[in-house]
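Just so it is clear, the values below take in all heavy atoms, side chains as well, and ignore hydrogens, waters and symmetry mates. The first residue of the sequence shown is numbered 1, and numbering continues consecutively from there. Just so you know, these numbers come straight off a predicted model, no measurement behind them.
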Amino acid sequence: MKNIKKMIAVLLTTVSMATLLTGCGETTYSAASGFFYSGDKGHTYGDGTKEYEVGETVYMKVRYKVTSDSKKASQVSVVLSIPNVENVDAKYMDGQVITPNFDAVNNVTTYEFTANASTESNEQECVIQFVPNAAGSVTMTLIYDDNVDASYDIQSTLEFVEPKADNTENDTTED
């Protein structure tokens with residue numbers, strides 16, 4: 001009976017030490033995010049896909065939240081990439097301006113954010129207004145840094161179409 005108790009004690013000690021060693025310092029991150037669009041100049045937002053005409057201002061809200069299993073807050077980088085657009089305006093909800101980076105060679109505008117990650121993280125959001133400069137399908141991506149598993153990265157696709165021709169005829173009344 002003493003040998004069984006000793007073996008159980010040794011086994012429990014070994015399992016406890018292995019758990020401590022493998023879990024030591026490893027913080028696990030998860031993320032939640034979404035793209036939302038406004039058809040009424042930013043008054044209301046929804047998550048449905050919409051077509052926008054080239055030259056028409058697009059109002060997009062990006063929401064993101066990064067949580068971790070640590071009470072101590074850490075920072076996670078988040079990058080939003082939007083191809084084929086002309087930057088108009090990008091702001092956090094408190095009004096702070098977000099400066100874009102534009103890659104003229106690849107015609108891609110990127111915005112970099114920092115998310116505070118902890119067990120009690122708050123959702124963050126920003127509003128981006130831009131004007132599509134070419135017709136076609138455009139896929140925007142929101143990518144988290146290497147701390148967050150790539151499965152949490154998201155994409156959203158919008159369709160940009162050529163403006164519809166104005167069908168109104170000129171008034172040709174005589175005086």
Side-chain angles (χ1 to χ4, degrees), residues 29-68 74-118 121-175:
Y29 295 88
S30 62
S33 48
F35 291 95
F36 303 91
Y37 303 98
S38 176
D40 59 4
K41 300 188 188 317
H43 297 288
T44 59
Y45 288 86
D47 60 358
T49 302
K50 185 176 188 302
E51 277 187 358
Y52 289 91
E53 291 182 356
V54 172
E56 178 184 358
T57 301
V58 176
Y59 293 80
M60 178 176 72
K61 185 181 286 188
V62 179
R63 291 183 181 156
Y64 55 95
K65 178 180 179 178
V66 180
T67 56
S68 71
S74 59
Q75 294 187 331
V76 171
S77 296
V78 185
V79 176
L80 171 65
S81 297
I82 308 172
N84 303 318
V85 299
E86 173 186 322
N87 173 55
V88 176
D89 192 22
K91 294 181 181 172
Y92 291 105
M93 295 311 289
D94 64 2
Q96 179 183 355
V97 174
I98 305 167
T99 305
N101 297 311
F102 181 69
D103 178 351
V105 173
N106 295 312
N107 198 19
V108 175
T109 302
T110 59
Y111 300 88
E112 295 181 22
F113 314 113
T114 301
N116 293 319
S118 70
S121 295
N122 293 323
E123 182 176 71
Q124 296 172 278
E125 59 184 40
C126 58
V127 172
I128 298 178
Q129 299 172 41
F130 57 88
V131 177
N133 54 20
S137 179
V138 174
T139 300
M140 290 151 288
T141 56
L142 189 67
I143 299 173
Y144 295 93
D145 69 18
D146 292 341
N147 290 316
V148 180
D149 189 80
S151 65
Y152 291 104
D153 298 345
I154 64 168
Q155 294 184 331
S156 180
T157 301
L158 290 181
E159 294 294 325
F160 298 141
V161 296
E162 290 296 333
K164 295 179 180 113
D166 187 8
N167 291 334
T168 59
E169 293 182 28
N170 292 335
D171 186 8
T172 56
T173 57
E174 295 180 23
D175 291 327

d(C126 SG, K91 NZ) to nearest 0.5 Å is 12.5 Å

To the nearest 0.5 Å, atom CD of E51 lies from atom CG of L158 at 10.0 Å

Between M60 and M140 the two heavy atoms that sit nearest each other are SD-SD, 3.5 Å

CG (L80) and CZ (F35) are apart, to the nearest 0.5 Å, by 5.5 Å

Rounded to the nearest 0.5 Å, the CZ atom of F160 sits from the CD atom of E56 at a distance of 9.5 Å

Backbone N/O of S30 and side chain of D149: donor-acceptor pair under 3.5 Å:
no

### Task
Using atom types as modelled and distance alone, determine if a side-chain donor or acceptor of T114 lies under 3.5 Å from a backbone N or O of S77.
no

The reported gap from CZ in F102 to CG in N107 (rounded to nearest 0.5 angstrom) is 4.5 Å

**Asked** Taking C-beta and beyond as the side chain, do N147 and V66 meet within less than 4.5 Å on heavy atoms?
**Response** no

The side chain to side chain contact (heavy atoms under 4.5 Å, CB included) partner of Y111 among V79, I82, N101 is I82

Of all heavy-atom pairs linking A134 and V54, the shortest is C-CG2, 3.5 Å

For E112 and Y92, the nearest pair of non-hydrogen atoms, with its separation, is O-OH, 4.1 Å

- Could you tell me whether K65 and E123 make a salt bridge, using a distance below 4.0 angstrom between a side-chain N and a carboxylate O? no

Short side-chain donor-acceptor distance under 3.5 Å, T110 and S81 = no

On a heavy-atom basis, the closest approach of R63 and F36 is CD-CE1, 3.8 Å

Discussion item. Atom CG of residue position D40 - does it have more than 12 heavy atoms of other residues, nucleotides or ligands inside 6.0 Å?
Written reply: yes

- [ ] Describe, in one word, how the ring planes of F113 and Y64 are oriented to each other, choosing from parallel (under 30°), tilted (30 to 60°) and perpendicular (over 60°).
- [x] parallel

S38 and G42 have their tightest heavy-atom pair at OG-N, 2.8 Å

Heavy-atom closest pair (S74 atom, Y29 atom, distance to 0.1 Å) is OG-OH, 2.9 Å

Is the shortest heavy-atom distance from the side chain of Y45 to the side chain of V127 under 4.5 Å?
yes

Strictly by modelled atom types, are S121 and T67 linked by a side-chain donor-acceptor pair under 3.5 Å? no

